[in-house]
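So that the names make sense, note that chain A is the first sequence line, chain B the second, and so on, each numbered from 1.
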Protein chains: 2
Amino acid sequence: MNKIKVYRKYRGLTQIELAKQVGVARQTINLIENNKYNPSLSLCIALAKALESDLNTLFWEEIDNEGQNT
Amino acid sequence: MNKIKVYRKYRGLTQIELAKQVGVARQTINLIENNKYNPSLSLCIALAKALESDLNTLFWEEIDNEGQNT
DNA sequence: GATTTTTGTCAACTATATATGACATTTTTA
DNA sequence: TAAAAATGTCATATATAGTTGACAAAAATC
């Protein structure tokens, strides 16, 4: 399950409520949660703030650099 | 000076080289460095990787919550 | 199990990120 | 200090992010 969805549910918010908080349409939240696109940086930041999180937590896939040096 | 610019220079890259690495036009890099817009998440991620950094370091302004409770 | 709320999704539209080409200005290098 | 490279910026074009309205499916509540 998508991270935004997990964090939104953790905060007890509906898509409509989160959309309102960050100032976009509900469909936009829905598309992001279903990995159907590529939000703008400003929207990512608004989401991170609304979910009391940060960019790395929500949007950064840590590249695993360990175990490559053989 | 803008963070992208600082990190790019630290890596010894020109706008053209960075643009090529992340697959956008030079003007796009230039606009971002001059805070003239709002890149997409995928571009932010490409930039973070190209500059061997991460999203928080490059794009997150830490909100200062201390010193507000008086 | 019927009602209400929430979510997934479609189609059509608008706003804006990004591309391309060009040129002036600034900075670097010879 | 002249030439070359890098940067700032403009104007036009295109791709896509984000909107709006609507409806069906799924989940929650009564």
Which atom pairs, donor and acceptor, lie under 3.5 Å between side-chain atoms of residues 26-36 of chain A and protein residues at least two apart or in another chain?
from	atom 1	to	atom 2	distance (Å)
A:N30	OD1	A:Q15	NE2	3.1
A:N30	OD1	A:N34	ND2	3.2
A:E33	OE1	A:R8	NH2	3.0
A:E33	OE1	A:Q15	NE2	3.1
A:E33	OE2	A:R8	NE	2.5
A:E33	OE2	A:R8	NH2	3.3
A:N34	ND2	A:N30	O	3.0
A:N35	OD1	A:N2	ND2	3.0

Problem set entry | Set of side chain to side chain contact (heavy atoms under 4.5 Å, CB included) partners for B:N38, sequence neighbours left out | A:S40, A:L41, A:S42
Check the distance between [N]'s [atom2] and [X]'s [atom1] and give it to me in whole angstrom.
X: B:K36; N: D:dT7; atom1: NZ; atom2: P; answer: 15 Å
X: A:I32; N: D:dG18; atom1: CD1; atom2: P; answer: 6 Å
X: A:N34; N: D:dG18; atom1: CG; atom2: C1'; answer: 16 Å

Just verifying a value: how many Å separate [X] [atom1] and [Y] [atom2], rounded to the nearest 0.5 Å?
X: B:L18; Y: B:K9; atom1: CG; atom2: NZ; result: 12.5 Å
X: B:N56; Y: A:N56; atom1: CG; atom2: CG; result: 3.5 Å
X: A:F59; Y: A:D54; atom1: CZ; atom2: CG; result: 10.0 Å

Exercise. Considering all heavy atoms of both residues, which atom of A:V22 and which atom of A:A46 are nearest to each other, and what is their separation?
Worked result: CG1-O, 3.6 Å
Exercise. Of the non-hydrogen atoms in B:Y7 and B:L51, which two are nearest, and what is the gap between them?
Worked result: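 Residues B:Y7 and B:L51, closest heavy atoms: CB-CD1, 3.9 Å.
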For this session: Say whether A:Y10 and A:I16 are linked into one hydrophobic cluster, either directly or through other cluster members, by side-chain heavy-atom distances under 4.5 angstrom.
Result: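 The answer is no; the residues belong to distinct hydrophobic clusters.
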Exercise. Does one hydrophobic cluster hold both B:W60 and A:L47, with members joined at side-chain heavy-atom distances below 4.5 Å?
Worked result: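 Yes, same cluster.
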Seminar exercise, completed: When B:N38 and A:N30 are each assigned the nearest nucleotide of DNA chain C, the 5'-most assignment goes to A:N30
With the criterion being N/O to N/O and under 3.5 Å, what pairs connect the protein with nucleotides 21-25 of chain D, and how long is each?
from	atom 1	to	atom 2	distance (Å)
D:dG21	N7	A:Q27	NE2	3.4
D:dG21	O6	A:Q27	NE2	2.8
D:dA22	N6	A:R26	NH2	3.3
D:dA22	N6	A:Q27	NE2	3.3

Problem set entry | DNA chain D contacts among residues 2-25 of chain A, heavy-atom distance under 4.0 Å | A:G23, A:V24, A:A25
For this session: Select base, sugar-phosphate, or nothing to describe what A:L31 touches, counting heavy atoms under 4.0 Å on all strands.
Result: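 No contact.
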For this session: Please list, in 5' to 3' order, the outermost nucleotides of DNA chain C lying under 4.0 Å from any heavy atom of chain A.
Result: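 Reading along DNA chain C, I get C:dT7 to C:dC10.
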Exercise. Backbone N or O of B:T57 within a donor-acceptor pair of the B:K3 side chain at under 3.5 Å?
Worked result: yes
Problem set entry | Qualifying salt bridge (charged side-chain N to carboxylate O under 4.0 Å, His left out) pairs, either residue in residues 12-25 of chain A, two or more places apart | none
For this session: Between B:S40 and B:E33, name the one whose nearest nucleotide on DNA chain D is closer to the 5' end.
Result: B:E33
